[in-house]
Amino acid sequence: MAYTSAMGDDPGMAGVTCPACHASNPRPHPVGRPVNGFAIGRCARCRFVFAFPRPTEGELATFYDAAYFEEGTEFGYGGYSGLPETNAKLMWPALRHSLGERLPRTGRLLDVGCASGGFLAAAAEDGWEAVGTEMSASAADRARAASGVTVFDGVLLPPSGTAPFDLVTAWHVLEHVLDPLGSLVELRKFLAPGGILFVELPSWNSLGRRVRRSSWAQLKPPEHLNYFTPRTLRTCLGEAGYEVSTSRGVTPWQPLRLMPTRDRWKELPKNVLKKGAGLIGCGAFARAVSVRGTT
Ligand SMILES: [Zn+2]
């Protein structure tokens, strides 16, 4: 199904505000051909790649209804809801590895877009006081059941009274939102002084995007509207007032022991190829670690 935007059928409309730096682009430089009725363009100021025209809040909400995390739906994470245990095994250790000694032993954690809560559950088990947000009410229900922690549904940000947090995480969230710069500015208010923001999302520089071009699996507006590279993510975080420690391309190693035995040898060459791509700057994901900053 081709998506039809209420903003009109002309994806080349003039006067577009860059979602990552808020600069006005008279006409963003096109990158490839339109996808699902959306143009894909690059900001002349910060070189961020994004889909336009932007859908409305109401249009976006239709993609995060109860069906979003269910099997067999056209959009969303089909089958994702069945993987909280696997996610917990991968994501919390990945974050601990990324942050190293900078990660306090325990503290208060906000996970924005917590999906089915596997990551939250692992953090809570490790002694963290964790809070989540999730646009999908059904996924939020599962997250509460999996982790036992507070999850606010239908919102990107929790009530302001829940702040401050020592650690805020946004796993594969900013590629979905209408205004990533504005969201990052708001998110910063939830961090304690010296608090850490961890962001991971699909990378426009990835080997998959370079090989598959317009058929890259992550190129799927209006579900994914924003296509960061490690560099444009760093720039956007800086615009939002963060002090960026690292922003780089990564390809997480899929632990073979977590896979069904029959898949292990099939997945090993793919794992090696992806890891090699990560080493030459074409990692599947952009991952950034920032602190709130002093201003
Ligand atoms: Zn820009």
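Just follow the structure's listing: the first ligand is 1, and inside any ligand the first atom is 1.
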Interatomic spacing from CE in Met91 to NE2 in His172 - rounded to 0.5 Å = 7.5 Å
request  = Just jot down the side-chain contact (heavy atoms from CB on, under 4.5 Å) partners of Val211, sequence neighbours excluded, or say none.
outcome  = Leu207
query = Can you say whether the rings of His176 and His224 are parallel (under 30°), tilted (30 to 60°) or perpendicular (over 60°)?
reply = perpendicular
request  = Report, as yes or no, whether the 6.0 Å neighbourhood of atom CZ on Arg210 holds more than 12 heavy atoms from other residues, nucleotides or ligands.
outcome  = yes
Compile the donor-acceptor pairs under 3.5 Å between side chains in residues 121-129 and protein atoms, sequence neighbours left out, one pair per line.
| residue | atom | partner | partner atom | Å |
| --- | --- | --- | --- | --- |
| Asp126 | OD2 | Trp92 | NE1 | 2.8 |
| Asp126 | OD2 | Arg96 | NH1 | 2.7 |
| Trp128 | NE1 | Arg105 | O | 3.2 |
| Glu129 | OE2 | Arg108 | NE | 3.2 |

inquiry  = According to ring pair (Phe, Tyr, Trp, His ring centres under 6.0 Å), who are the partners of Phe228, at least two apart in sequence or on a separate chain?
reply    = Phe48
query = At distances under 2.8 Å, what protein N, O or S atoms surround the Zn ion (ligand 1)?
reply = Cys18 SG, Cys21 SG, Cys43 SG, Cys46 SG
